[in-house]
Amino acid sequence: MNQLALNFQPLPPNPYKTGTQCHRVYQRLLVGPLPLSELHRMGADTARIRQIRNELLKPQYDISWKYIREGETEYYIVRN
């Protein structure tokens, strides 16, 4: 169980237009950690991660990352 599951304050609903990169990336982040390779397979890049963090999640939440191996990181939502 992750920390967000223990927090009863819900994440913001997805405000992005259906079909956009930001909508797809945010929906995927709501499920759990998003590997960089999957982000690229979705046709998106890390600019969408920054956009979601800056427009939607700050100041209550942030998007953090973890090094997995060379060329692979994963992104996940954390509470500030």
*Asks:* Using the rule that two of Ile, Leu, Val, Met, Phe, Trp, Tyr join whenever any of their side-chain heavy atoms come within less than 4.5 Å, decide whether I68 and L34 are in one cluster.
*Replies:* no
*Asks:* Y76 and P33: which non-hydrogen atoms are nearest, and at how many Å?
*Replies:* CB-CA, 4.1 Å
*Asks:* Rounded to the nearest 0.5 Å, how far apart are CZ of R48 and CZ of R50?
*Replies:* 8.0 Å
*Asks:* Would you check if D62 and L57 make a side-chain contact, meaning some heavy-atom pair closer than 4.5 Å?
*Replies:* no
*Asks:* Could you go step by step and tell me if R53 and K58 meet the side chain to side chain contact (heavy atoms under 4.5 Å, CB included) rule?
*Replies:* CA-CA 6 Å; R53 180 184 64 222; K58 284 197 172 186; 3.8 Å; yes
*Asks:* Just by distance, do the side chain of E72 and the backbone of L36 share a donor-acceptor pair under 3.5 Å?
*Replies:* yes
*Asks:* As a quick check of understanding, evaluate side-chain hydrogen bond (donor to acceptor under 3.5 Å, both in side chains) for E55 and Y16, giving each step before the final call.
*Replies:* CA-CA 10 Å; E55 291 179 357; Y16 300 106; 3.2 Å; yes
*Asks:* Any side-chain donor paired with an acceptor under 3.5 Å for R24 and Q21?
*Replies:* no
*Asks:* What I'd like to find out is whether the side chain of I63 reaches to under 4.5 Å of the side chain of V78, using heavy atoms alone.
*Replies:* no
*Asks:* Nearest 0.5 Å, what's the CD-OG distance between E74 and S37?
*Replies:* 9.5 Å
*Asks:* For E38, check salt bridge (Lys or Arg N to Asp or Glu O under 4.0 Å) against everything at least two apart and list the hits.
*Replies:* R28
*Asks:* For a 4.5 angstrom cut-off between non-hydrogen side-chain atoms, does W65 reach I49?
*Replies:* no
*Asks:* With a 4.5 Å heavy-atom cut-off, do Q60 and L11 have their side chains touching?
*Replies:* no
*Asks:* To the nearest 0.5 Å, what is the distance between OH (Y26) and CG (L56)?
*Replies:* 5.0 Å
*Asks:* Can you tell me how far the SG atom of C22 sits from the CD atom of Q27, to the nearest 0.5 Å?
*Replies:* 12.0 Å
*Asks:* Out of curiosity, I77 CD1 to L30 CG, how far, rounded to the nearest 0.5 Å?
*Replies:* 5.0 Å
*Asks:* Can you tell me if N80 uses its side chain to pair, donor with acceptor, with the backbone of P59 under 3.5 Å?
*Replies:* yes
*Asks:* Nearest heavy-atom pair of H40 and D45: which atoms, and what distance?
*Replies:* CD2-CA, 4.4 Å
*Asks:* Kindly determine whether S64 and Y75 satisfy side chain to side chain contact (heavy atoms under 4.5 Å, CB included), including the steps that lead there.
*Replies:* CA-CA 6 Å; S64 190; Y75 298 90; over 6 Å; no
*Asks:* Looking at every non-hydrogen atom in both residues, tell me the closest pair between V25 and A44 and how far apart they are.
*Replies:* CG2-CB, 3.8 Å
